[in-house]
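Predicted model, so just to flag it, every value in this text is computed and none were measured. In what follows, every chain begins at residue 1, and chains take the letters A, B, ... in the order their sequences are listed.
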Protein chains: 2
Amino acid sequence: MTGGEGLLGIGEAASRSGASERALRYWQQLGLITPTGTTPGGLRRYSEADLARVARLRELQELLGFNLEEIRQVFDNEDRLEELRAEYHSEQTDAARRRELIAEGLQVRSRLRETVEAKIGALQRFLGDLDAQRERLQRVLDDGVPGGPPREAAQPAGSRR
Amino acid sequence: MTGGEGLLGIGEAASRSGASERALRYWQQLGLITPTGTTPGGLRRYSEADLARVARLRELQELLGFNLEEIRQVFDNEDRLEELRAEYHSEQTDAARRRELIAEGLQVRSRLRETVEAKIGALQRFLGDLDAQRERLQRVLDDGVPGGPPREAAQPAGSRR
DNA sequence: CCTGACCCTGACGCTTACGTCAACAGTCGC
DNA sequence: GCGACTGTTGACGTAAGCGTCAGGGTCAGG
């Protein structure tokens, strides 16, 4: 076993997360992924939570097409929510303040939700166009290829209705 | 009016498509967008069809997150379909051959369809996670903020079930 | 305490997708 | 056929997001 505790060296963290060591260091430089611990000698030690954060980063990057600056904003939001949760748990936080905190958490998620939904909508329009083309070709095929030729012009999505 | 015919100079084409002149030239260099015509002096002249192709390129780029190489492949497919359509209309093409051509057209679209659908699926998982978080917070809010604190750990999508 | 595996910090390189500028050429209305 | 505008081809610049060294330091096992 390599880890003195449950923490991983950067090599293991890299291979488990699928990212490169260079990327992990770079993301740390940007303040995106900070390893939970460091050895006295200055070696990075990653926790499972760190790996989860890496996975999330890659998801935002590849699925949503966010750049690292946008991802930083998302992370800032989520880290803010962590703070809120901490304050939420504090003894000297009353019910009204707690409602505020939760409301803010909801807002942050709602904003991200809209972005995601817009993207899904666009992709679905795209898919709809594709299906329309497919169906037309399929009909021509089913009809035993009659005189009616398949007409088509490559056009951008959103052309239905 | 600028155009001798229905064709546009690169400036007009750029401002109408929303792309830059530089981008149009660059895309042409990569073989992605070739203006329909050129003047005897070598000036590019863009047709409406060219603009549609530009719009499609930008869609693939921004919506699907494809890079120019991937877009080139999509365009190659579509251009192949154009050829197929041309052959389809030819007099000396018999019914069997036509069926083949249509079948190939369907295949090309099906492949692209899968890519798009995978992406939509991933985004929907993402959205589902987001909604789950929202609902949990909302419930806590509706329940008048009881003792049960909102538990949460930022985790990658695909964690439902 | 020593070796081998792992890791550190610069620092420069590279790719994609254009932006920008220079120097020159084509087009069009009058 | 001239001026104003528009366009052309290089060529170099740039920004993001890392890759890839060099020249060391760290750590666990024996």
Side-chain angles (χ1 to χ4, degrees), chain A residues 1-47 50 54 56-75, chain B residues 1-47 50-51 53-54 56-75:
Chain A
M1 297 299 169
T2 311
E5 263 171 73
L7 299 182
L8 310 165
I10 195 174
E12 264 294 299
S15 70
R16 287 206 199 178
S17 69
S20 69
E21 300 184 11
R22 179 62 170 96
L24 290 177
R25 295 195 189 101
Y26 181 59
W27 295 338
Q28 181 181 356
Q29 212 177 308
L30 300 189
L32 293 172
I33 306 283
T34 304
T36 295
T38 42
T39 67
L43 302 193
R44 296 168 176 81
R45 296 293 137 160
Y46 293 85
S47 68
D50 295 334
V54 168
R56 184 154 179 76
L57 187 157
R58 309 235 310 156
E59 213 174 46
L60 293 171
Q61 198 175 33
E62 291 164 19
L63 286 180
L64 285 176
F66 284 9
N67 62 31
L68 295 183
E69 174 55 27
E70 292 166 324
I71 292 174
R72 204 182 53 69
Q73 289 176 31
V74 172
F75 278 8
Chain B
M1 298 299 167
T2 312
E5 264 172 74
L7 299 181
L8 311 164
I10 196 173
E12 265 294 297
S15 70
R16 286 205 200 177
S17 69
S20 68
E21 300 184 13
R22 179 62 170 95
L24 290 177
R25 296 198 188 98
Y26 181 59
W27 294 337
Q28 181 181 354
Q29 212 177 309
L30 300 188
L32 294 172
I33 306 283
T34 305
T36 295
T38 43
T39 67
L43 301 193
R44 296 168 175 81
R45 296 293 137 160
Y46 293 85
S47 68
D50 295 334
L51 295 191
R53 196 174 165 104
V54 169
R56 184 155 179 76
L57 188 157
R58 310 235 310 156
E59 214 175 47
L60 292 171
Q61 199 175 33
E62 292 164 18
L63 286 180
L64 284 176
F66 283 10
N67 61 30
L68 295 183
E69 173 56 26
E70 291 166 325
I71 293 175
R72 203 183 53 67
Q73 290 176 29
V74 173
F75 278 8

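- Base engagement by R25(B) is indicated by at least one non-hydrogen atom pair under 4.0 Å involving a base atom.
- Per the geometry, CZ belonging to R58(B) stands 14 Å off P belonging to dA17(C), to the nearest Å.
- Tested against I71(B), the residues E59(B), R56(B), Q61(B) include a single side-chain contact (heavy atoms from CB on, under 4.5 Å) partner, Q61(B).
- A sub-4.0 Å separation between OP1 or OP2 of dC18(C) and a side-chain N or O of W27(B) is present.
- E12(A) contributes no side-chain N or O that, together with a main-chain N or O of G9(A), makes up a donor-acceptor pair within less than 3.5 Å.
- Screening V54(B), D50(B), L8(B) for a side-chain contact (heavy atoms from CB on, under 4.5 Å) involving S17(B) leaves a single residue, V54(B).
- Along DNA chain C, the nucleotide closest to L57(B) and the one closest to L43(B) are compared, and the more 5′ of them pairs with L57(B).
- Toward the 5' end of DNA chain D, the nearer of the two residues S20(A) and G41(A), judged by each one's closest nucleotide, is S20(A).
- Look at T39(A) and you won't find any side-chain N or O under 4.0 angstrom from OP1 or OP2 of dC7(C).
- The CZ-P distance, from R22(B) to dC12(D), rounds to 13 Å in whole Å.
- Between the CD atom of E69(A) and the P atom of dA16(D) there is a distance of 9 Å, given to the nearest Å.
- For the pair P40(B) and A23(B), both in contact range of DNA chain C, the more 5′-proximal nearest nucleotide belongs to A23(B).
- Residue Q61(B) is in sugar-phosphate contact alone, with no base atom involved, counting any heavy-atom pair closer than 4.0 Å across all strands shown.
- Using a 4.5 Å cut-off on side-chain heavy atoms (C-beta onward), R25(A) and E21(A) make contact.
- Residue N67(B) contributes atom CG, which lies 15 Å from atom C1' of dA16(D) at whole-angstrom precision.
- Rounded to an integer number of Å, the gap from Y26(B) OH to dA17(C) P is 6 Å.
- Note: CZ (R44(A)) to C1' (dC27(D)) measures 16 Å, nearest angstrom.
- Toward the 5′ end of DNA chain D lies the nearest nucleotide of G11(B), the other residue of the pair G42(A) and G11(B) mapping further downstream.
- Atom CD of E62(B) is separated from atom P of dA17(C) by 13 Å (rounded to the nearest Å).
- Here the straight-line distance linking atom CG of L7(A) with atom CG of L43(A) works out to 12.0 Å at 0.5 Å rounding.
- Atom CZ of R45(A) and atom P of dC7(C) are 7 Å apart (whole Å).
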